[in-house]
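Shown next, in structure tokens, is the structure this report addresses.
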Amino acid sequence: MGSFFAGVKAGTLGGFLYVGGTAVFNVILLYALKPQVLDFIQQQYSTLCAPGTLANATNGVEECFASVVAVDVPYIAFVAFFVVLTYAGLFGILYDSVPTKNPTVKGEIFAGVAGINLLVLGFSGFFFDEQSFAASGVFLAAWTLLFGYLLGRLYKRYTRLVSVESQDPALLKVAVDGRDLTGKTRTFALTSSHKLRAELTEDASFREWEVTGGVTVEDARSFETVIEISGEGTLKGIVTRKY
């Protein structure tokens with residue numbers, strides 16, 4: 001089940017550091033390798049930046065370089081941030097489906113996918129020679145690992161585990177937000193509310209909801225009510241057979 005909003009919340013904080021750090025590194029790298037960057041600009045954008053071809057133009061190679069730093073880098077970071085948020089939301093939705101209980105490992109998996117997509121889409125930085133490619137690659141790999149760690153840990157902070165049970169699964173199924181979660185343990189966003197319903201067979205009669213920990217229900221005697229999550233706990237539907 002997972003929580004899309006908890007994923008986005010974790011992705012906002014972790015993604016800001018991830019994308020912002022990458023942008024800062026790109027600027028540092030551009031200045032550290034400025035001579036190579038200027039040569040690259042002249043070779044690739046001679047019709048726009050070479051002083052010889054645009055002697056009367058207002059922008060030369062240096063101004064093109066300044067534009068890359070002041071405009072292109074922030075633009076790439078802006079787009080990359082929303083790409084990261086998208087994957088953070090998917091991380092939240094699919095969190096419970098990932099076959100491991102370790103939140104850090106789950107975060108690393110989705111961070112890796114996000115990093116690869118940024119690289120493929122061209123939003124991971126500027127690569128103008130082998131030296132810049134190697135430096136950026138090492139930094140991006142390390143920074144992606146850090147982002148994955150933060151994503152997993154922050155998501156765990158913003159969610160709580162709830163075990164959903166039925167006294168007799170053959171008679172009663174527990175549906176949360178329209179999904180059958182009987183016998184499953186799922187993450188829910190902290191301080192969230194969800195529609196709760198007991199799906200009964202014809203020969204069953206609903207009795208009550210039993211809860212523990214930070215799980216509460218608005219009406220424990222109603223087969224259809226609202227569950228509220230303020231901490232980890234259990235939810236159990238109690239049922240009796242009519243005849």
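Sequence neighbours left out, the pairs with a member in residues 19-37 that pass salt bridge (Lys or Arg N to Asp or Glu O under 4.0 Å) are K34-E62. The side chain to side chain donor-acceptor pair (under 3.5 Å) analysis of residues 218-227, with sequence neighbours excluded, yields the pairs R197-E224. Pairs engaging residues 134-143 under the side chain to side chain donor-acceptor pair (under 3.5 Å) rule: none recorded [sequence neighbours left out].
Cluster partners of V226 are absent, since no Ile, Leu, Val, Met, Phe, Trp or Tyr has side-chain heavy atoms less than 4.5 Å from it. Connectivity analysis of hydrophobic side chains (ILVMFWY, heavy atoms under 4.5 Å, direct or indirect) links L145 to nothing; its cluster partners are none.
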If you look only at distance, which donor and acceptor atoms sit under 3.5 Å apart when one is on a side chain in residues 15-33 and the other is two or more places apart or in another chain?
residue	atom	partner	partner atom	Å
Y18	OH	T144	OG1	2.8
T22	OG1	Y18	O	2.7
N26	OD1	F126	N	3.0
N26	ND2	T22	O	2.8

What pairs of donor and acceptor atoms, side-chain ones from residues 68-88 against any protein atom, are under 3.5 angstrom apart with sequence neighbours left out?
residue	atom	partner	partner atom	Å
T86	OG1	F82	O	2.9
Y87	OH	N117	OD1	3.0
Y87	OH	N117	ND2	2.9

All N/O donor-acceptor pairs, side-chain side in residues 161-171, below 3.5 Å, sequence neighbours left out:
residue	atom	partner	partner atom	Å
S163	OG	E165	OE2	3.3
S166	OG	D168	N	3.3
S166	OG	D168	O	3.2
S166	OG	L172	O	2.8
Q167	OE1	V239	N	2.8
D168	OD1	A170	N	3.1

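Annotation: side chain to side chain donor-acceptor pair (under 3.5 Å) contacts of R157 (sequence neighbours excluded): none. Here T234 pairs with T212 under the side chain to side chain donor-acceptor pair (under 3.5 Å) rule; sequence neighbours left out. Scored by the ring pair (Phe, Tyr, Trp, His ring centres under 6.0 Å) test, F206 finds W209 as partners (sequence neighbours excluded). Applying the side chain to side chain donor-acceptor pair (under 3.5 Å) criterion to Q131, with sequence neighbours excluded, gives no partner residue.
The minimum heavy-atom distance linking A6 with T159 is given by the pair CB-CG2, 3.4 Å. In terms of heavy-atom proximity, S193 sits nearest to E228 at OG-CG, 3.6 Å. Of all non-hydrogen atoms in P103 and R153, the two that sit nearest each other are CG-NH1, 4.3 Å. Contact record, G107 with L151: O-CD2, 4.1 Å, taken as the closest heavy-atom pair. Of all non-hydrogen atoms in A111 and F147, the two that sit nearest each other are CB-CD2, 3.5 Å.
Put simply, the side chain of S3 does not reach to within 4.5 Å of the side chain of Y95, judged on heavy atoms. Between N102 and K106, the closest side-chain pair of non-hydrogen atoms is not below 4.5 Å.
A single hydrophobic cluster is not seen to contain both F133 and I116; linkage of ILVMFWY side chains at heavy-atom distances under 4.5 Å, directly or through other members, places them apart. I238 is not connected to V176 by any chain of hydrophobic side-chain contacts under 4.5 Å among Ile, Leu, Val, Met, Phe, Trp and Tyr, and they are in different clusters.
Between the side chains of D180 and T182, a donor-acceptor pair is found at a separation under 3.5 Å.
Rounding to the nearest 0.5 angstrom, the gap separating the CD1 atom in I109 from the OG1 atom in T104 is 11.0 Å. If you take NZ on K173 and CD on E199, they are separated by 10.5 Å, rounding to the nearest 0.5 Å. Separating the CZ atom in R186 from the CG atom in D177 is a distance of 13.0 Å, to the nearest 0.5 Å.
Heavy-atom neighbours of K9 NZ from other residues, nucleotides or ligands within 6.0 Å: at or below the threshold of 12.
Tested against Y158 for a side-chain contact (heavy atoms from CB on, under 4.5 Å), the candidates L13, T187, L190 yield a single pass: L13.
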* **Verdict with reasoning, L196 to L235, per side-chain contact (heavy atoms from CB on, under 4.5 Å)** => CA-CA 10 Å; L196 176 63; L235 167 71; 3.6 Å; yes
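Between the side chain of S230 and the backbone N or O of G214 there is at least one donor-acceptor pair closer than 3.5 Å.
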